[in-house]
Amino acid sequence: MAQDSYICPLLAEGGIMSVQRVREAIGQFLASNKEQVLCIRGDWGTGKTYTWDDVLSKAVLSKKLKLKRYAKVSLFGLNSIQDIKRDIFQSTVAIEKIGKPFDFNDTPTT
């Protein structure tokens, strides 16, 4: 991943975005073929994870994903770059597996 590829839509326009604009930003992120990071910030319980999962699942169904793999990581409780890298590695999932139950017998795809 390129170090300069970083999007934080919630910091745009004074730091506040409507849920619809956040959904649009996630959709644009998922439709891009550029490897980058999307930062979704907000208070606990505001629906960040729900919104991400909902937009992602709809993008999978409509075949609008451009990359082969995605990862979702919460920075809560992480204390180092190594922690972040570990969580990215552990949570990366191939697009054909998004929304499907975990299968212990499945072999990882590269």
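Hydrogens, waters and symmetry mates play no part in the numbers below; they use all other heavy atoms, side chains included.
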Engineer: Going by side chain to side chain contact (heavy atoms under 4.5 Å, CB included), S80 matches just one of D83, I84, L78. Which one?
Structural biologist: D83
Engineer: Calculate, to the nearest 0.5 Å, the distance between atoms CG and OG1 belonging to D87 and T92 respectively.
Structural biologist: 10.0 Å
Engineer: Looking at CG of L65 and CZ of F29, how far apart are the two atoms once the value is rounded to the nearest 0.5 Å?
Structural biologist: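 L65 atom CG to F29 atom CZ measures 10.0 Å (nearest 0.5 Å).
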Engineer: Which heavy atom in R69 sits nearest to a heavy atom in I95, and how many Å separate them?
Structural biologist: N-CG2, 4.4 Å
Engineer: Heavy-atom count around Q82 CD within 6.0 Å, excluding the residue itself: above 12?
Structural biologist: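 Counting neighbours around CD of Q82, 12 or fewer heavy atoms of other residues, nucleotides or ligands fall under 6.0 Å, so no.
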Engineer: Please enumerate all residues that pass salt bridge (Lys or Arg N to Asp or Glu O under 4.0 Å) together with K85, with sequence neighbours excluded.
Structural biologist: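 So K85 forms no salt bridge (Lys or Arg N to Asp or Glu O under 4.0 Å) with any residue.
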Engineer: What do you reckon, is CG of L61 surrounded by more than 12 foreign heavy atoms closer than 6.0 Å?
Structural biologist: yes
Engineer: For G27, does its backbone N or O pair with a side-chain atom of K64 as donor and acceptor, under 3.5 Å?
Structural biologist: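 It does not hold such a pair.
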Engineer: Where do V22 and T51 come nearest, in terms of heavy atoms and distance?
Structural biologist: CG1-CG2, 4.4 Å
Engineer: Can you give me the closest heavy-atom contact between K48 and R41, atom names plus distance?
Structural biologist: CD-C, 3.7 Å
Engineer: Tell me the closest heavy-atom pair linking L30 and W52, and the distance in Å.
Structural biologist: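 Minimum heavy-atom contact is CD2-CH2, 3.6 Å.
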Engineer: Checking the side chain of S91 only, and the main-chain atoms of A71 only, is there a donor and an acceptor separated by less than 3.5 Å?
Structural biologist: no
Engineer: Could you go through the side chain to side chain contact (heavy atoms under 4.5 Å, CB included) check for L56 and I26 one step at a time?
Structural biologist: CA-CA 8 Å; L56 178 64; I26 294 171; 6.0 Å; no
